[in-house]
Amino acid sequence: MDSVQLAEKLRSLNAEAVVTEGKQFVEIQIPPSGLYSLARQLKENEDTGFDFLFCLSGVDYGHDLGVVYHLRSTKYGHSVVLKSRTSDRVDPQLDSVADIWRTAEFHEREVFDLLGIKFTNHPDLRRFFLPSSAGFPLRKDFVDDINIVTKK
Amino acid sequence: MEEPVKVAVDENQEYVINMGPQHPSTHGVLRLVLALKGEIVKNVEPHIGYVHRGMEKMCESITYPQIIHLTDRMDYLSAHINNEAVCLAVEKALEAEIPDRIKVIRTIMSELTRIQSHQLFWATFGMDLGGLTCFFYGLRDREKILDIFEETCGGRMIVSYNCPGGLMYDIHPNFQKRVKEFIKYFRKILPEYDQLLTGNIIFQERTRGIGRLSLEDAISYGVTGPTGRASGFSCDVRKHEPYSAYDRVKFNEVLFSEGDTFHRYLARMEEMRVSMDIVEQLIDNIPEGPFAVKLKPVIRLPEGEYYQRVETARGELGVFIISDGNKNPYRIKFRSPCFSNLWVLNLISRDFKIADLVAIGGSLDLVIPDIDR
Amino acid sequence: MFDFAPLTKWIDTVLHNAMSPFWAVVVEMLIVGVLILLFYALIGLFLVYAERKVCAFMQNRLGPNRVGPFGLFQTIADLVKLLLVELVPIRNADKFLFNLAPFIVITASFMAIAAIPFAKGLHAIDLNIGIFYVIAVSAMGVIGILLAGWASNNKYSLIGAMRSGAQIVSYELSVGLSLITMVILAGSMQLSVIVEGQATGWFIFKGHIPAFIAFIVFLVASTAETNRGPFDLAEAESELTAGYHTEYSGIKFAFFFLAEYMNMFIVASIAATVFLGGWMPFHVGNWDGFNAVMDFIPPFVWYIVKTFFVVFLMMWFKWTFPRLRIDQLLTLEWKYLLPINLVNVLIMAFIVLMGWHF
């Protein structure tokens with residue numbers, strides 16, 4: 001299945017998803033509401049079979065907070081990038097995919113620690129690296145007068 | 001990083017031990033909170049973050065050539081491969097044409113890095129199981145590779161040999177001769193490793209059937225590298241998505257199906273042989289040419305997202321760069337292999353003894369700075 | 001043959017002539033005590049040095065080589081350091097038991113050494129139940145280890161001590177039974193009689209295969225009993241940091257350390273005495289000329305050479321094998337060594353009964 005066919009297939013999975021063909025991967029944009037069901041479909045659909053979540057990164061897009069999932073199918077060898085973002089910066093919430101890919105549990109904890117995105121239905125959402133009093137350093141509006149030196 | 005656990009016995013009447021952060025066999029500052037029933041491990045909870053340096057945040061305020069020197073400090077045993085990952089990502093984004101000489105030298109250096117990392121694994125794994133002698137033999141042979149590195153790069157462990165667009169300097173005139181000498185020497189020495197440890201009946205009893213990781217779990221937990229391949233997970237980036245000069249060499253992906261501690265160990269021993277094969281194929285055929293291509297003095301990546309995967313000694317390292325066209329990355333994420341590999345520890349060491357936990361932890365070959373970043 | 005009996009007898013007579021019998025005995029005890037303590041300390045120091053050298057050569061290193069010729073004074077320097085180093089007080093430890101433990105361990109090994117015949121007529125006490133005494137006394141050391149683990153109030157120490165308890169209690173059986181095999185052959189428990197009995201050939205040769213099996217079993221079991229690698233589960237550096245002596249420092253740690261080496265020396269002495277003829281030179285049946293030549297080598301040298309041969313074997317084990325796991329350790333004892341031993345005792349008894357031994 002080449003990337004055009006894969007994109008076609010992905011478009012048929014979920015109406016809400018916006019599928020584009022990027023330079024390297026096929027990319028899917030999905031609103032938070034459809035994230036969990038699409039993720040489950042991506043894993044369980046016979047033709048897609050994305051069973052290996054090889055990277056999960058939280059991103060601060062400035063006004064939005066988002067999560068980027070890099071998925072690969074060990075059966076077919078094709079990859080896809082799944083993106084979801086939320087505009088709520090005070091209490092950002094996304095569905096956890098920890099029960100679909102077990103590795104997500106720990107990557108999500110890291111994202112929670114550094115970006116403060118709360119993953120609903122996460123089995124064990126605690127901070128990883130930083131004490132609970134610390135802010136969320138990977139956010140662009142994070143200020144730390146002592147440890148971060150900014151060039152004027 | 002949370003408060004230390006202070007209870008002696010938890011609610012399930014299990015004996016709680018804080019193993020680490022200072023402990024001989026956690027290979028760094030990893031803390032494992034164990035719940036024990038007698039000698040039997042009932043639960044392992046890793047606590048990480050003791051060497052968290054906020055690398056991803058730091059990278060957002062420095063330039064791409066500077067980032068390379070930070071990545072050395074992640075998985076310090078495959079420092080060269082980490083550098084390569086960032087360089088490849090930057091070169092891919094700039095669509096720079098890289099001459100063959102650079103690719104071949106990078107590949108040789110990567111494979112030497114892999115061998116020295118696995119040598120250290122062998123040394124420390126033997127020590128974890130109580131065979132202290134392995135440690136000295138492993139380090140003795142590793143020294144020879146480090147000497148080769150020193151001659152060419154100036155650094156021994158943290159080499160910083162890559163730069164965007166090529167290499168920092170050309171290889172030393174002795175490089176080819178010494179690498180060939182080393183390969184000849186190490187082919188002779190590797191059977192001795194097997195004699196001392198692999199064939200030992202106590203060693204086999206201690207490792208066979210211990211900590212079995214199934215293929216489904218390996219994929220679901222994202223376990224890559226020799227650890228994943230011992231469970232039959234074909235995840236060798238060098239094979240599936242060849243970078244540098246891996247498309248021009250013939251080599252076998254080491255795959256086992258058992259997934260126990262012994263086969264994780266065996267996978268690494270086999271990989272040393274495979275790495276030697278790769279180096280042998282390339283070392284006589286280093287093409288002529290420049291050792292670096294000239295890029296712009298200030299590197300600005302075009303706006304977009306770039307992902308580059310490489311195979312380090314521990315598994316798949318991913319570098320995910322989001323660029324906004326500036327000279328700093330907007331967001332950089334390192335998908336480090338050890339971070340994913342660590343979390344199977346609880347799954348596979350439950351209901352085994354403490355001594356097995358040490359063996360399993362050793363066989364995952366964790367590097368703690370790579371977990372914390 | 002060199003015999004120390006006239007010398008000791010002469011000292012005895014001189015003392016008895018000089019003072020009342022009570023004081024004579026007191027002075028004799030003092031002399032013996034001081035000599036054995038000196039010997040104990042010297043051997044302990046030398047064993048530490050020997051282990052470091054042996055392990056260095058097995059690991060492709062040089063070992064200590066700076067202090068004194070060939071680094072011979074390195075252990076003395078270490079000892080001085082251990083004597084001067086601060087004793088770290090442990091806040092929640094049981095002070096009395098914590099301080100008592102190293103003394104129990106070292107006393108046990110000190111008592112065991114009293115019964116060992118170093119040369120003809122050279123032993124502190126020649127009990128008629130010598131072997132029984134040595135087994136009983138050396139087993140006392142485990143109390144010290146258990147106390148150390150318990151009183152330290154440290155979780156690793158406690159696990160180490162429990163392992164050590166299980167291990168020593170199990171392996172005591174094998175040590176005892178393999179020695180009993182040889183007692184059947186020798187017909188006595190008195191160590192001097194056992195050594196005399198080997199004047200025409202060492203028991204390991206005289207006792208056919210059962211004696212050889214008993215020797216192997218004894219070697220394995222005694223290595224385990226002294227908590228040395230590959231059976232050093234009580235310490236298990238990579239699992240329990242330092243096991244039962246994690247919390248000890250300074251001279252108290254030195255006691256554990258010294259006791260470990262002396263226990264090794266004691267079991268090696270027993271092995272040398274019971275299986276390899278002790279101070280008895282290498283004699284072959286009726287070859288009188290050969291035997292006479294062998295007699296020229298002093299018995300004490302024979303004894304030391306044999307003991308250090310066994311010590312070297314134990315060091316060799318330690319530095320080449322990985323460590324066993326606790327269940328494998330107990331499986332080895334209860335499922336393999338003990339049944340082998342029981343059958344071995346029967347075979348030996350049968351052989352002795354039929355008079356088939358040499």
Side-chain angles (χ1 to χ4, degrees), chain B residues 5-9 15-20 22-27 33-34 36 38-41 123-141 143 189 192 195-198 200-207 210 265 352-359 361-362, chain C residues 51-52 54-63 92 152-167 220 223-224 227-243 246 315-332 335-336:
Chain B
V5 177
K6 284 194 176 136
V7 290
V9 174
Y15 193 55
V16 180
I17 282 194
N18 279 298
M19 192 168 165
Q22 285 90 26
H23 189 277
S25 64
T26 52
H27 298 232
V33 179
L34 311 181
L36 304 174
E39 284 264 341
I40 295 166
V41 177
T124 51
F125 190 56
M127 204 168 68
D128 283 344
L129 293 174
L132 207 64
T133 306
C134 305
F135 190 71
F136 293 91
Y137 284 90
L139 286 186
R140 174 193 66 182
D141 299 332
E143 206 68 3
I189 286 292
E192 283 186 17
Q195 282 168 15
L196 183 59
L197 203 60
T198 320
N200 189 306
I201 178 77
I202 299 176
F203 174 76
Q204 299 221 354
E205 285 288 316
R206 281 289 305 274
T207 51
I210 301 297
Y265 163 83
F352 286 106
K353 306 262 184 327
I354 308 176
D356 293 329
L357 173 79
V358 171
Chain C
E51 166 120 309
R52 292 170 74 168
V54 167
C55 100
F57 286 125
M58 291 200 180
Q59 294 171 345
N60 217 340
R61 301 184 283 124
L62 284 174
N92 291 326
S152 297
N153 194 23
N154 176 314
K155 293 172 180 178
Y156 292 122
S157 299
L158 186 58
I159 293 180
M162 291 304 140
R163 281 182 178 186
S164 180
Q167 180 180 339
V220 174
T223 311
N227 278 328
R228 279 184 62 81
F231 306 102
D232 56 345
L233 285 104
E235 285 174 48
E237 188 250 342
S238 61
E239 296 151 30
L240 307 177
T241 56
T246 306
M315 288 178 180
W316 193 359
F317 293 160
K318 172 157 182 170
W319 296 109
T320 43
F321 287 138
R323 188 182 303 117
L324 274 86
R325 204 170 55 212
I326 183 76
D327 58 327
Q328 289 168 345
L329 182 92
L330 296 179
T331 309
L332 176 69
K335 287 196 180 156
Y336 298 101

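All values below come from the heavy atoms of this structure, side chains included, with hydrogens, waters and symmetry mates left out. By convention in this document, chain letters (A, B, ...) are assigned in the order of the sequence lines, proteins followed by strands, and residues within each chain are numbered from 1.
Note on C:Lys318, C:Gln328, C:Arg323, C:Arg61: by heavy-atom pairs under 4.5 Å with chain B, the leading option is C:Arg323. In terms of non-hydrogen atom pairs under 4.5 Å with chain C, the most contact-rich of B:Ile202, B:Leu36, B:Ile354 is B:Ile202. Ranked by heavy-atom pairs under 4.5 Å with chain C, the first of B:Phe136, B:Phe135, B:Tyr137 is B:Phe136. Of the listed residues (C:Leu158, C:Ile159, C:Thr320), the greatest number of heavy-atom pairs within a distance under 4.5 Å of chain B belongs to C:Ile159.
Closest of all the heavy-atom pairs between C:Asn60 and B:Arg140 is ND2-NH1, 2.5 Å. Nearest heavy-atom pair, C:Tyr156 versus B:Asn18, reported as atom, atom and distance to 0.1 Å: OH-O, 3.2 Å.
Heavy atoms closer than 4.5 Å to chain B are found in the side chain of C:Ile326, but not in its backbone. Within the 4.5 angstrom heavy-atom criterion, no atom of B:Leu34 approaches chain C.
Atom CZ of C:Phe57 is surrounded by more than 12 heavy atoms from other residues, nucleotides or ligands within 6.0 Å.
Atom CG of B:Leu197 and atom CZ of C:Phe321 lie 11.5 Å apart (nearest 0.5 Å). One finds the CD atom of C:Gln59 at 11.0 Å from the CG atom of B:Leu139 (value rounded to the nearest 0.5 Å).
For the pair B:Glu39 and C:Arg163, the minimum side-chain heavy-atom distance is below 4.5 Å.
Between B:Glu205 and C:Arg325 no salt bridge is recorded (no basic side-chain N to carboxylate O distance below 4.0 Å).
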